Amino acid sequence: QVQLVESGGGLVQAGGSLRLSCASSGSLFSISVMGWYRQAPGKQRELVASITSGGTTNYADSVKGRFTISGDNAKNTVYLEMSSLKPEDTAVYYCSALRLGFRSWGQGTQVTVSP
């Protein structure tokens, strides 16, 4: 089982930046994909960005060019650098790990972007 702990959320003005971190522990062997998802009030959870064990990244169209996902294997941590933030980026952001067909989730961190 994989344990995930997110941090770095907060309140920021539109146009600002934040960096989210996701620290992982537990059975990290065979994790194939790490990802960041978000869920705004009244909306479904959606994929924001993902990174495979081989380093291939994928982004939602709405964040391309503004967000960057990266990983630090030595620290077992995945990051989401967010810039040019917009009010519509406001949501709870969740870290996720896919390992042997099972997806683990963190507890989420709130990101609020004010106009």
Side-chain angles (χ1 to χ4, degrees):
Q1 193 170 359
V2 179
Q3 291 79 46
L4 303 169
V5 179
E6 303 99 333
S7 61
L11 174 64
V12 64
Q13 287 187 329
S17 301
L18 281 175
R19 186 177 81 160
L20 305 183
S21 300
C22 173
S24 55
S25 61
S27 301
L28 304 181
F29 185 71
S30 295
I31 289 178
S32 55
V33 185
M34 296 287 296
W36 285 97
Y37 290 72
R38 67 186 181 187
Q39 188 167 19
K43 294 188 177 181
Q44 289 188 333
R45 191 171 297 188
E46 62 176 359
L47 175 67
V48 176
S50 64
I51 184 167
T52 69
S53 56
T56 300
T57 58
N58 180 54
Y59 297 92
D61 287 343
S62 59
V63 306
K64 282 182 181 176
R66 301 189 297 122
F67 290 11
T68 302
I69 189 171
S70 62
D72 185 333
N73 290 331
K75 296 182 179 180
N76 294 328
T77 300
V78 174
Y79 304 99
L80 185 68
E81 298 273 1
M82 306 185 294
S83 62
S84 301
L85 283 161
K86 304 175 182 180
E88 51 263 43
D89 294 318
T90 295
V92 178
Y93 283 70
Y94 297 90
C95 179
S96 172
L98 183 63
R99 177 181 179 271
L100 302 177
F102 182 81
R103 188 175 296 281
S104 299
W105 295 95
Q107 82 287 352
T109 185
Q110 177 71 45
V111 171
T112 302
V113 183
S114 63

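Fair warning: this is a prediction, and the values are worked out from it, not measured in the lab.
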Which atom of A40 lies closest to which atom of A91, heavy atoms considered: N-CB, 3.8 Å
Euclidean distance, I69 CD1 relative to S50 OG, rounded to 0.5 Å: 6.0 Å
Beyond-backbone contact of L20 with V111, side-chain heavy atoms, under 4.5 angstrom: yes
Atom pair CG (N58) and NZ (K64), whose distance is rounded to the nearest 0.5 Å: 7.0 Å
Side chain proximity check, M34 to L4, heavy atoms < 4.5 angstrom: yes
Any pair counted as side chain to side chain donor-acceptor pair (under 3.5 Å), so long as it reaches residues 89-101, sequence neighbours left out: R38-D89, R38-Y93, R66-D89, S96-R103
Co-members of L11 in a cluster of I, L, V, M, F, W and Y side chains, linked at under 4.5 Å: none
Cluster link V12 to L80, ILVMFWY, side chain under 4.5 Å: yes
Side chain E6, main chain C95, donor-acceptor under 3.5 Å: yes
Crowding at CD, Q44 (>12 non-hydrogen neighbours, <6.0 Å): no
OG1 on T109 to CG on L18, rounded to 0.5 Å: 9.0 Å
Nearest-0.5 Å distance, OG of residue S24 to CG of residue N73: 9.0 Å
Contact list for residues 95-115, test ring pair (Phe, Tyr, Trp, His ring centres under 6.0 Å), sequence neighbours left out: Y37-W105
Residues forming a side-chain hydrogen bond (donor to acceptor under 3.5 Å, both in side chains) with T112, sequence neighbours excluded: Q110
Main-chain N/O of S7 paired with S21 side-chain donor or acceptor, under 3.5 Å: no
Pairs where residues 43-79 contributes a residue and the test ring pair (Phe, Tyr, Trp, His ring centres under 6.0 Å) is met, not counting sequence neighbours: none
OG on S32 to CD1 on I51, rounded to 0.5 Å: 12.5 Å
Residues which pass side-chain hydrogen bond (donor to acceptor under 3.5 Å, both in side chains) with Q3, listed by chain and number, not counting sequence neighbours: none
Crowding at CD, Q107 (>12 non-hydrogen neighbours, <6.0 Å): yes
P115 to P87 - nearest heavy-atom pair and separation: CA-CG, 4.1 Å
